[in-house]
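A note on names: the letters A, B, ... follow the listed sequences, proteins ahead of strands, and every chain is numbered from 1.
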Protein chains: 2
Amino acid sequence: MPTSRSYQDLCGIARALDVVGERWALLIVRELLFGPQRFSELRRVLANTSSNVIADRLRELEANGVIQRRQLSAPAASWVYELTPWGRQLEPVLLTLGLWGLQSPLPPEPAVIGPTTVLLYLRSRAHPDPTEFPAVVRIELDGQSWTALIHDGQLEIQVGETAKPDGSIRTDPKTFRELIGAPSQLQTAICVGAVGVDGDQKVIRRLLEQVVPADQISSERT
Amino acid sequence: MPTSRSYQDLCGIARALDVVGERWALLIVRELLFGPQRFSELRRVLANTSSNVIADRLRELEANGVIQRRQLSAPAASWVYELTPWGRQLEPVLLTLGLWGLQSPLPPEPAVIGPTTVLLYLRSRAHPDPTEFPAVVRIELDGQSWTALIHDGQLEIQVGETAKPDGSIRTDPKTFRELIGAPSQLQTAICVGAVGVDGDQKVIRRLLEQVVPADQISSERT
DNA sequence: CCGCATCCGTTTCGATACTG
DNA sequence: CAGTATCGAAACGGATGCGG
């Protein structure tokens, strides 16, 4: 008689998989890396799964101490899910795993690309030149906002509008992904209407230019 | 209509999980980190699953380019499974994931601890003092042999007997795990019969002593 | 004995519908 | 908006079979 679905293995790898190895679990963690999200937002961005699976995972991840539910302040009266300190320690794991996964063949179409994915990519590849910043950029993708804080050679990203931005960019994840590493297309994208920019356009462009040479999302194996 | 079980997400994390996200897949990769293994050996050490699941995973991992089958030389006429170069790149991912997982609560009893687990632990925590080595140590756990090559402040581990050892130790994973970081117990363990040692006993002891202070397998979260 | 394949009961997943 | 309920399909887990 099996004791639930634990691997019952003292190995740290197996114990990690006991906690975050179920289907969709790590993608939920990914979505929470930049800050708390509500149920409907998770559901929207993880569109390939169903609501009961998300609910199950959230329950399990909370029971295992990876995430926690939190009640929003007064008027909203709604709940958000956020990583615990332990859950936040998954970030380096996800970054190296994601880097490894980029060498895999592309998934079958139609494939999605979400806001968190491109923002993770931006953050992991951007090495802001300290002499050109600090700056605050608002990034709106698929109708949700993030704030990018660029200072001291760091690029920090948080959900929501947590600071007054010097400039804003509004587009979709796919277009934003194409703009990263090809910042020269920014002007064109604006004219075409694929991108909207407010405030200081130069700071947007400078942000996009801080990304290392960057191969495209690739299907090659080395 | 779902296209198989792909996440259909261009994110590297999701693409990695498309490849190694199925149950038991990463534990199979773990078992191959130190070199090729045969089916029956995988089955023996991953005792909590059934043979068909292992066979399925091996097929999928091979199809996805993570592992490859190889025919052993003449007399054996048997097959082994080994990581491809791409598969070997999972090692840092597994190490950080395993480190994270050690902070989880212990799995329900009865829990196993396999040879690869303790050897991974040894290798990730040992920082050999270059002045005390080089040396070659044969480690036999649960009847299978590994060779530890200690040189230039590195500890390299391979399956099988790949070099002539200065000393050999023979025990079970649990005892070996307890000995790591508590090398003073070596003499006692030998007398009790829990450990067998051949050749230079001092080199065994010196190897065990190269592990950093090392908390026990812990259930604490930081 | 090794390397699986087949069968079968149980659990999980995925899609849709439904409720407070 | 934030989930729960239901149900068929797929995957898992255990046992057994079977050719080399």
Novice: What residues form a salt bridge (Lys or Arg N to Asp or Glu O under 4.0 Å) with A:E31, not counting sequence neighbours?
Specialist: none
Novice: Mind checking what makes side chain to side chain contact (heavy atoms under 4.5 Å, CB included) contact with B:A111, not counting sequence neighbours?
Specialist: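 Once residues adjacent in sequence are excluded, the partners of B:A111 under the side chain to side chain contact (heavy atoms under 4.5 Å, CB included) criterion are A:L10, B:P107, B:E109.
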Novice: Which is true for B:S50 with a 4.0 Å heavy-atom rule: it touches a base, it touches only sugar-phosphate, or it touches nothing?
Specialist: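 Since a base atom lies under 4.0 Å of B:S50, the category is base.
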Novice: Taking atom P of D:dG13 as reference, at what distance in whole Å does atom CG of B:L27 sit?
Specialist: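 Taking CG of B:L27 and P of D:dG13, I get 11 Å after rounding.
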Novice: Without decimals, in angstroms, what is the distance between A:D18 CG and C:dT12 P?
Specialist: 13 Å
Novice: Is there a side-chain contact between A:S40 and the phosphate of D:dA2, meaning an N or O under 4.0 Å from OP1 or OP2?
Specialist: yes
Novice: Could you state the CZ-P distance from A:R38 to D:dC1, rounded to the nearest angstrom?
Specialist: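 Value for this atom pair: 8 Å.
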Novice: Any cation-pi pair here, B:R69 with B:W79, using under 6.0 Å and within 45°?
Specialist: yes
Novice: Let me know the distance between CG of A:L46 and P of D:dA2, rounded to the nearest Å.
Specialist: 15 Å
Novice: Could you state the CD1-C1' distance from B:I54 to D:dA11, rounded to the nearest angstrom?
Specialist: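 Rounded to whole Å, this separation is 16 Å.
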Novice: Is there a side-chain contact between A:S78 and the phosphate of D:dC1, meaning an N or O under 4.0 Å from OP1 or OP2?
Specialist: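 For D:dC1, OP1/OP2 do not have a side-chain N/O of A:S78 under 4.0 Å.
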Novice: Kindly say if A:W24 contacts the phosphate of C:dT12, meaning a side-chain N or O under 4.0 Å from OP1 or OP2.
Specialist: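 No, no such contact exists.
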Novice: Whole Å only: how far is the CZ atom of A:R44 from the P atom of D:dA2?
Specialist: 12 Å
Novice: Please name all residues satisfying salt bridge (Lys or Arg N to Asp or Glu O under 4.0 Å) with A:D56, sequence neighbours left out, ordered by chain then number.
Specialist: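 A:D56 satisfies salt bridge (Lys or Arg N to Asp or Glu O under 4.0 Å) with A:R59 once adjacent residues are dropped.
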Novice: Once you apply a heavy-atom cut-off of 4.0 Å, does A:R57 come out as touching a base, just sugar-phosphate, or nothing?
Specialist: sugar-phosphate
Novice: Provide, to the nearest angstrom, the distance between the CG atom belonging to A:L72 and the P atom belonging to D:dA2.
Specialist: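 From A:L72 CG to D:dA2 P: 9 Å.
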Novice: Report, one pair per line, the protein and nucleotides 4-6 of chain C atoms (nitrogen or oxygen only) whose separation is under 3.5 Å.
Specialist:
{"unit_1": "C:dC4", "atom_1": "OP2", "unit_2": "B:Y81", "atom_2": "OH", "d": "2.5"}
{"unit_1": "C:dA5", "atom_1": "OP2", "unit_2": "B:R59", "atom_2": "NH1", "d": "3.1"}
{"unit_1": "C:dA5", "atom_1": "OP2", "unit_2": "B:R59", "atom_2": "NH2", "d": "3.3"}
{"unit_1": "C:dA5", "atom_1": "N6", "unit_2": "B:S51", "atom_2": "OG", "d": "3.0"}
{"unit_1": "C:dT6", "atom_1": "O4", "unit_2": "B:N52", "atom_2": "ND2", "d": "3.3"}

Novice: Could you check how far CZ of A:R23 sits from P of D:dA11, rounded to whole Å?
Specialist: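 One finds 9 Å between P of D:dA11 and CZ of A:R23, rounded.
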Novice: Which pairs count as ring-ring contact (aromatic ring centres under 6.0 Å, His included) when at least one residue sits in residues 99-120 of chain A, sequence neighbours excluded?
Specialist: A:W100-B:W86
Novice: Do B:V137 and B:D200 come close enough that some side-chain heavy atom pair is under 4.5 Å?
Specialist: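 The answer is no, as the side chains (C-beta and beyond) never meet within the 4.5 Å cut-off.
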Novice: Could you list the residues that satisfy salt bridge (Lys or Arg N to Asp or Glu O under 4.0 Å) with B:R23, not counting sequence neighbours?
Specialist: none
